[in-house]
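Below, read A as the first sequence line, B as the second, and so on, with proteins coming before strands; counting in each chain starts at 1.
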Amino acid sequence: MHLEGRNIGFRYNKSDWILRNFNISLKEGEVIGLIGPSGCGKTTLGRILAGYEIPQEGKVTLDNIPLPTTGIHPVQLINQHPEKAVNPRWKMKKVLDEVKELDEDILIALGIEKEWLNRWPNELSGGELQRFCVARALSVHTKFIIADEMTTMLDAITQAQIWNSVQEIAKKRNMGILVISHEHNLLKRLCCRVIDLSI
Amino acid sequence: MNLGRKNISMIKINNIKLSIQKKLNRRQRTLVITIVAAIVLTSILVGGLLISDQRIATNFEQKNLSPSIEHPFGTDWLGRDMFVRTIKGLTLSIGVGTLSAVISAGIALTLGLLSATMGKWMDRFITWLVDLFLSVPHLITLILISFVLGGGMKGVIVGVSLTHWPSLTRIIRAEVMQIRSAEYVQISRKLGRTRKWVAIHHILPHLIPQFFVGLMLLFPHAILHEAAITFLGFGLSPHKPAIGIILSESMRYLSTGMWWLAFFPGIFLIMIIRGFDILGENLRLLVDPHNAHN
Amino acid sequence: MLSIQKCNEKTIRMNNRAVNNDAKSSNTDRKTVDNSTTPLLNVHDLSVSFTQYTRGLNQKELKVITNLNVSINHGEILAIVGSSGSGKSLLAHAILGILPANVIISGNMDYKGVSLIPKIQAELRGKEIALIPQSVNFLDPLMKVGKQVRSSVNNGNATKIQRNIFQRYNLEDKVDHMYPFQLSGGMTRRILVSTAIANEAQLIIADEPTPGLDTGIVNETIRTFRELADKGCGIMLITHDIETALKIADRIAVFYAGTTVEIAPVEDFSGNGNNLRHPYSKALWKALPHNDFRPIMGHQPPPNRLPKGCLFAPRCDKATVECHDILPKASSLRGGMVRCIHAS
C-alpha cells in the first residue's frame, strides 16, 4: 500500500494558495511526522489526504488509483477535538456502531471500558472520548491514519496510553500513520522521519 | 371584610406557591405547569365538542342577563348563553389554529430542508421568499389571501397557513446547515455512510424536537390571527360561534353597559394563547440541552 | 401580599447595605495588608458540587472539587496541571465567581486577605482579577479588536494605553481595525493578553492559553507572562500540558480528580522525577514523550464515582489498605505540598 499526494495545490475560493506543488508519500507500516507553524496548511493537507477536501491542483492516489469518493475511506482522519467528532445526541454504543466491521479487540486495546458504551458523550472526559474516535477510525478497511493533533488536548498519561495502543495496532496491521503535531518531542518519539513545513 | 379575606387567601396561595417552589426542582415545576396548561386546553376543546348546539339556541326570555351562577358569562341580546358560546368559539379557534399551524409548519419543514440541501440557487430563492413574506405585516397578507379566496373557513385556514411559515423556515434551514457542516456528519460520510443514512440518523432526530417546538409556538399566532381577521370581518362567516365574531358583535353592545359580552371571551382567548405559549416555551426548555441542569 | 413583598424588599436592601459596608471596610483593610506576607490569592479547603438531574426529574449532588488548597504570591506564576475533568477550569470559574446557578461552594477563597464573596468577585472581575480565555470565541466577532481592548481600560486614556500595549506586543496600527476572524493564532493570543493588561489586572488567570499553537507563539506567550509576573502580577496558568508549564511556572500544582495531589517547585520536575512527592506526578512526568513514554494503567475516576480513600489509590502501585480508606490530608514536604501518606 502506498499513499501519495502529487503536486498538490489548495486554496479557498480565490484567496492565496495554502498549499502549492506539495508532494508527500507514505508507505504501509511507516510513521511520518508533519510539523510547522500554525496556518501553514498542516490541517488542510490532512483533510486532503483523508478525502475531506479536493485539491484544485494535483491528485492523491492510493497504489496509483485515485481515492474513492463514496463508501468507507481507507484513509481515516482523527481530529484534535473529539467532542466535535461525535453526535452529542448519541450514546457511545451507537457512535461505535456507525462504523461497520470493527474488531472487538480494538476496544480492549484502547482501554475502552464496557460500561462507557452506555454513556452520553458529555459524560466522558476528552481522553475517553478520543479513544472512541480512534477506535472508530480503525475498522478493518483502514489502511492509513492521519492523526491531526490527536492528543494535543490530553494529559501526558492519556497521550502515552493512546499512542502506545495505536502504535501496537498499526504495527500488527501494517498501517501507515501521518502524525501532525507541533510537539517536537512527540514526533521524535513516534516517527521515523519528520516533514517540516516551515522550511 | 371581603377584601381582607381576599388578602388572606392570596397570602395562602402565595405560601403554597413558595412551598411548591421549595419542594420541586425546576424541571418538576416545568412539568407541572405544562400538564396544567395541557389539561386546561384539552378540557376546553373536549367541552366545546361535547356541548350540544341547543345550549346556544336563541332564548328571548333570558336575553341581556349579567353573569350569574346559571349563566356564568351572562347572556347576549338573543338570550344565548355566553359561556357556551365562548367555549364553542374557542374550540373552533383551536381547531382552525391547529390545522393552519400544522400546514404552516409543514411548509416550513419542506422549504427549510429544500433551502439547506438543494444548492445555492434554491437557497437564494427561498431566502428571498422568506424575506419577502417577513417584510409585509402578517395581518395584511392574511387579509389579502383570505379576501381573494372569498373568506370563510377555507380563506382563514389558507391565509393563516400561508403567512406563518417564514420564521420557522429560517430556523430549520439554519439547523440543517449547521448539522450538515458538523464534524461528526463529515466523519460519518467518510465512515462509508450514505447521504440518505446521514439525513435519517443525524439530521432528522436533531430536527424533530425543533420542529415540534416551532409548531407549538405557531399555535398562539395562528389562533390570534384567526380571531383578528374574523373580528375585522374578513374571516369566518357570522353565524359560526367564532371568538372573533363574538368580540366584534359585542362591540355594538359595549356602550350599553353589557361588559360581560366582550370581557369573558377576551380573557379566555388570552388564556388559551398563553396556555399554548407556555406549552411551547416549556417544551423548548426541556429539549434545549444548554440549560439541562438548571 | 403587596406589603409583605415590600417588607421583604426592604430587608433584602438592608442586607445589601450591610454587605456594602463590609465591602467598604474590607476595602480599607486591603490597603493596610502587607503585600509581602499575605499571598495574592489563597484558596483553602475549597469544595464545589453541582446539583444535576439524573434520570427524568430527580436531582443529585455531584462533587467536582474536593478539599482543594492552592495559593499564589505576587510576582509568581503558578501552573495548574491536570487532565481534562480534573477540575482545573472549575477552579478558575470559582475564583471569578462565574459558575452556573446550580452550584454549591464551601471553603475559603481569599484575595489579598479579603474573602471573595460574590459581591466582591463581581467588583474585581475583569478589573483586578482577569481571565485570559481559551479561545478566540471570547472576543466579540463584530467589533474591531482595538476597540475591544480599549473598552476594557478602566483608568486613563484608553486609546493611548491600548496603542502602547499593542506596540509592546508588536501589533501594528492596522491591527486596531481588524476583526477577530482576520487574526492569526498568535495575534489572537496577544490580543487576549492585551485585554487583561489593559485593565491593569493583578491576578491573571490563563485557561489553556497555548494548546495547538506552534513553538514560536508558545514561547512568545510565555515571555509575555513572565514580563507580567516580573511587574508583580500573580499568574495562574491552567494547562493539561506539563511541558508548557515547565517552561514558564515557578511552582506547579498537580490536579487529579478535583483536588491538588502535589504542589512542587518547578525544579523538581527533572531527571527521572525522583524529587517529586506524589506517585501521580511521577507517573505524569514519566509518561512524557522525551522521558519513558510509558503510561500507567487506568483512568481518572469521574466525579460520580470517586473512590472513598485517596483518589489515586486504585491506580497506585504503592497503595496500601489505609490508602483505600481515608483521603490523605495535605502536608508540606521539602518546600512543597503533597497529599499522600507514603510520600517522603
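- Using a 4.5 Å cut-off between heavy atoms, A/E183 contacts chain C through its side chain alone, with no backbone atom that close.
- The two residues C/S84 and A/G127 come nearest to each other via the heavy atoms OG-N, 4.1 Å.
- Here NE2 of C/H290 is found 9.0 Å from NZ of A/K188. Values are rounded to the nearest 0.5 Å.
- Side-chain atoms of C/I296 and A/I157, non-hydrogen and from C-beta on, do get closer than 4.5 Å to each other.
- For A/L187, no part lies near chain C; criterion is any non-hydrogen pair under 4.5 Å.
- Panel note: side chain A/N164, backbone C/F293; a donor-acceptor pair is recorded below 3.5 Å.
- Along residues 299-316 of chain C, the residues that come nearer than 4.5 angstrom to chain A, judged on non-hydrogen atoms, are C/H299, C/Q300, C/P302, C/R305, C/R315 in order of number.
- Here the side chain of A/R189 pairs no donor or acceptor atom with the backbone of C/L288 at under 3.5 angstrom.
- For A/L154, the part lying under 4.5 angstrom from a heavy atom of chain C is the backbone only.
- Residue A/I54 qualifies as open at atom CD1: its count of foreign heavy atoms under 6.0 Å is 12 or below.
- Applying the side chain to side chain donor-acceptor pair (under 3.5 Å) test to pairs two or more places apart or on separate chains, those with a residue in residues 271-282 of chain C are C/E262-C/R277, C/E262-C/S281, C/D268-C/R277, C/N272-C/N274.
- Your options are A/E123, A/E115, A/Q159, A/H184, and the one with the most heavy-atom pairs under 4.5 Å with chain C is A/E115.
- Sparse packing is recorded around NZ of A/K84, with 12 or fewer heavy atoms of other residues, nucleotides or ligands lying under 6.0 Å away.
- Between C/A287 and A/A160, the closest heavy-atom pair is O-CB, 3.7 Å.
- Between A/Q161 and C/P295, the shortest heavy-atom distance links the atoms CG-CB, 3.4 Å.
- For A/N23, the CG atom counts as densely surrounded, since its 6.0 Å shell holds more than 12 non-hydrogen atoms of other residues, nucleotides or ligands.
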